[in-house]
There are 2 protein chains.
Amino acid sequence: MLEKLAEKMAGEIVLSESPGRTIRKWRETFKVSQKELAKELGVSPSTICDYEHERRESPGIKTISRIVNSIINIDRKRGGDVLKKYTIGVESDAIIQIREFPIGIPLTDFKDVLGAKNVSPCSLQRDIHGYTIVDSVKAILSLNATDYLKIYGWSTERALIFTDVRYGRSPMVAIRVHPLKPACVVLHAPKELDPLAIKIAELENIPLLVTKMNLNDLIKKLEEL
Amino acid sequence: MLEKLAEKMAGEIVLSESPGRTIRKWRETFKVSQKELAKELGVSPSTICDYEHERRESPGIKTISRIVNSIINIDRKRGGDVLKKYTIGVESDAIIQIREFPIGIPLTDFKDVLGAKNVSPCSLQRDIHGYTIVDSVKAILSLNATDYLKIYGWSTERALIFTDVRYGRSPMVAIRVHPLKPACVVLHAPKELDPLAIKIAELENIPLLVTKMNLNDLIKKLEEL
DNA sequence: GAACATCTTCGGCATTTTTTGAAAAAGTTT
DNA sequence: AAACTTTTTCAAAAAATGCCGAAGATGTTC
C-alpha cells in the first residue's frame, strides 16, 4: 500500500507538466518544510528550492527517488499522520501481500508455480492479473466489509491465496456472500478440506486450488513470476 | 485509467532497485524492440540499450517520461492491444470521472463547490478523499457487481455523483444492497426526488446532496479542487 | 516593526548525463 | 551455416545536473 503511494508520487512527478510544482505539492501535502526536507536529504535548502522551481529541467531519477522517500520518511518519524490518510483504515496485517502482474498470466502456469492441485471441477482456462495473500484467521477477525476492497488490488481477475487455513470453509463462505469474486482461490496447507468449500467453488465456478508448499517458498516463488 | 498506467510505469522505474531492468520489463511487456522504441524517441538503438544496462545511474525524468510515453504510443499506433489488457474489462462509459484528492477535504467544502443542498438528515462533518461521477442510466445497464469496484477508486471515503437521474431511487437502492458505501451521494439535476431515496440515505447514514449545476460546469469546478 | 524562520535566486565548479556511430556479440530464420 | 535482425559495448564531446553558499525577498510572530 505504501509502496503504491510512493510509486504514485514518483510517477506523478515524472509525468507532470511541471515536475517542480508536483514535488512541492507532495512536500506540502506532507507538511514538510524545504529546510526539513533538505536536512533529511543531506543537501542545502536552496537545492530543494531549485528543484521546485525547475532550475534543472530534468532531474535524475535518483534525486526524485530520494525526495519521495525522504518525504515519506519524515512523516514516518513523526508518527505517520499523513501516511495514515492514504492507507485506508487500519494497516491490517491480515493482508500479507498484494501484487499485480504487468499482463495476464494463464491460471495453469500460476497453479504449476504453486505446485497446487485443482480440487474443484472448474476450468483453469483463464488469465489472472494479480494475487492477494490473506491470513484467513486474521482476516475474519479484523476485516470489515469495506476493508475487503483492499483484498482486491486493481482487478478482480486475481487469485486469492488464504493462509492459516483449517478446513477452507470460512474463506469460501466469505466469498460466497460477497459480491466481488476472485478468479481463483488458493488454500494454503489446509488441515482438512471441507466438502462444502468445494461445493461453493463449484456453485460460484471459481477454481479452488490447494497447495502444501511452505509459505516462505510460496511467497518467494510468486515473487519470481 | 491510462494516465494511471503511465504513472505506474514511471513510478516503478524511478523507485526500482534496477531502473534499467524495469524499463526493459515494460518495453518487453509491450512487445516493442529497442530499435522501434529508439525510432519513436528519435535516438539510436544503442541509447536504449545503455539505459537498460544502467550505463547512466540516474537518467533524467524527461528521459523516463519520453520512454514511457513512447512505449504507450507505439502500442496505441498498433491498435492498443496491450493497453487494453490494463483497462480492466470493458472501458465502460458509465464512469465519467474518477479522482482522488491528495488529502481529505471537508464534505461541507465539497458541497459548497457543487452549489448543492443536503436533502438528508445526515451530518456533513466528515472528510472525503475523492469522487466518482457516474452516469446512472448507463451504470445500471452496463455495470455488473464486479464492475462496482471501479466506481470506488482508492477508498470508500468518497463521494458518488450520479448524473442523468430521474428520481434518485435506483442509485440509492444500488447503494443499499451493496456492501461498499460511499461517504456521500450527489444527485445531479434529478427530475423529481423520491422520498425513498432520502429514507435510504437516512438508514445508511449517507448524506444525500442535490445539485442543479450544469454538468460541464460541475466537472470544471471539481477539477479546480 | 523588529526578530525570526522560510523561501528564492544565482554564479560557479565538479560530476554526470545524453547521444552518436561503429564494431562486436547474441539470437533467429531459412 | 549463411543471412538476418536485435542487442551490447564503448570512446568521445557537448550539454546539463547536482550542489553550495551568500544575499535578497517574503512571511510570521511577538
Side-chain angles (χ1 to χ4, degrees), chain A residues 9-71 73-75 77-78 81-82 102, chain B residues 9-10 12-71 73-75 77-78 82 102:
Chain A
M9 290 168 69
E12 234 184 49
I13 293 167
V14 170
L15 297 177
S16 171
E17 281 287 303
S18 167
R21 246 184 290 163
T22 308
I23 291 173
R24 163 159 284 187
K25 179 189 106 179
W26 284 109
R27 178 174 63 76
E28 286 177 343
T29 294
F30 279 83
K31 296 197 170 51
V32 173
S33 74
Q34 289 185 349
K35 199 180 165 190
E36 206 176 356
L37 179 55
K39 200 177 161 197
E40 177 78 23
L41 276 162
V43 301
S44 78
S46 65
T47 307
I48 307 295
C49 193
D50 283 344
Y51 283 121
E52 292 187 356
H53 286 261
E54 285 157 42
R55 190 153 179 238
R56 292 306 162 271
E57 279 197 350
S58 176
I61 59 174
K62 275 238 171 104
T63 306
I64 302 303
S65 173
R66 282 168 55 214
I67 289 175
V68 167
N69 283 315
S70 295
I71 290 176
N73 228 28
I74 289 170
D75 189 69
K77 283 182 192 165
R78 286 176 180 166
D81 280 357
V82 182
Chain B
M9 289 168 69
E12 234 184 50
I13 293 168
V14 169
L15 296 177
S16 171
E17 281 288 301
S18 168
R21 246 183 291 162
T22 308
I23 292 173
R24 162 158 287 187
K25 178 189 107 178
W26 285 108
R27 178 174 62 77
E28 286 177 342
T29 294
F30 279 82
K31 296 195 170 54
V32 173
S33 74
Q34 289 184 350
K35 200 180 164 190
E36 205 175 358
L37 179 55
K39 201 178 161 196
E40 177 78 23
L41 276 162
V43 300
S44 77
S46 63
T47 307
I48 306 296
C49 191
D50 283 345
Y51 283 120
E52 292 186 356
H53 286 260
E54 285 156 42
R55 188 151 180 240
R56 235 67 78 247
E57 280 200 349
S58 176
I61 59 173
K62 277 241 169 99
T63 308
I64 303 303
S65 174
R66 282 168 56 212
I67 289 175
V68 167
N69 284 316
S70 296
I71 290 176
N73 228 30
I74 290 170
D75 189 68
K77 283 182 191 165
R78 286 177 181 164
V82 181

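Letters A, B, ... mirror the listed sequences (proteins, then strands); counts begin at 1.
Counting to the nearest Å, the C1' atom of dT18(C) and the CZ atom of Arg66(B) are 9 Å from each other. Here the C1' atom of nucleotide dC7(C) and the CZ atom of Arg24(A) are 7 Å apart, to the nearest Å. Across the protein-nucleic acid pair, Glu28(B) atom CD and dT6(D) atom C1' stand 12 Å apart, rounded to whole Å. Regarding Ile64(B), its CD1 atom lies at a distance of 12 Å from the P atom of dT17(C), rounded to whole Å. dT7(D) atom P lies 8 Å from atom CD of Glu52(B), rounded to whole Å. In this structure, the CG atom of Leu37(A) is 13 Å from the C1' atom of dT6(C), given to the nearest Å. Across the protein-nucleic acid pair, Ile61(B) atom CD1 and dG18(D) atom C1' stand 14 Å apart, rounded to whole Å. Across the protein-nucleic acid pair, Ile48(A) atom CD1 and dA5(C) atom P stand 19 Å apart, rounded to whole Å.
Looking at heavy atoms from C-beta onward, Arg78(A) lies in side-chain contact with Val32(A) at the 4.5 angstrom threshold. Within the 4.5 Å cutoff, no side-chain heavy atoms of Arg27(B) are placed close to those of Tyr51(B).
Minimum heavy-atom separation, Leu41(B) to Arg66(B): O-NH2, 3.3 Å. The two residues Gly11(A) and Ala10(B) make their nearest non-hydrogen contact at CA-CB, 4.0 Å. In this structure, Ser44(A) and Ala38(A) approach most closely via the heavy-atom pair C-CB, 3.7 Å. Taking all atoms of both residues into account, the shortest heavy-atom contact from Glu54(B) to Pro19(B) is OE2-N, 3.5 Å.
The closest donor-acceptor contact from the side chain of Gln34(A) to the backbone of Ile48(A) lies at 3.5 Å or more, if one exists at all. A donor-acceptor contact shorter than 3.5 Å is absent between the side chain of Ser65(B) and the backbone of Ile61(B).
Remark: Gln34(A) is in phosphate contact with dT8(C), judged by side-chain N or O atoms under 4.0 Å from OP1 or OP2. An OP1 or OP2 oxygen of dT6(D) is reached within less than 4.0 angstrom by no side-chain nitrogen or oxygen of Arg27(B). Between Tyr51(B) and dT17(C), a side-chain N or O to OP1/OP2 separation shorter than 4.0 Å is absent.
Salt bridge annotation for Lys77(A)-Glu36(A): absent, with no cationic side-chain nitrogen under 4.0 angstrom from a carboxylate oxygen.
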Between protein and nucleic acid, restricted to nucleotides 23-30 of chain D and to nitrogen or oxygen atoms under 3.5 Å apart, what atom pairs and distances do you find?
none

Between N or O atoms, less than 3.5 Å apart, protein on one side and nucleotides 10-12 of chain C on the other: list the pairs.
| unit_1 | atom_1 | unit_2 | atom_2 | d |
| --- | --- | --- | --- | --- |
| dC10(C) | N4 | Asp50(A) | OD1 | 3.4 |
| dC10(C) | N4 | Asp50(A) | OD2 | 3.2 |
| dG11(C) | N7 | Arg55(A) | NH2 | 2.9 |
| dG11(C) | O6 | Arg55(A) | NH1 | 2.9 |

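Residue order along DNA chain C, read from the 5' end via each residue's closest nucleotide, puts Glu57(B) first among Val43(B) and Glu57(B).
Listed nucleotides: dT8(D), dT9(C), dC7(C). Nearest to the side chain of Ser33(A): dC7(C). The side chain of Cys49(B) lies closest to dT7(D), out of dG18(D), dT7(D), dG21(C).
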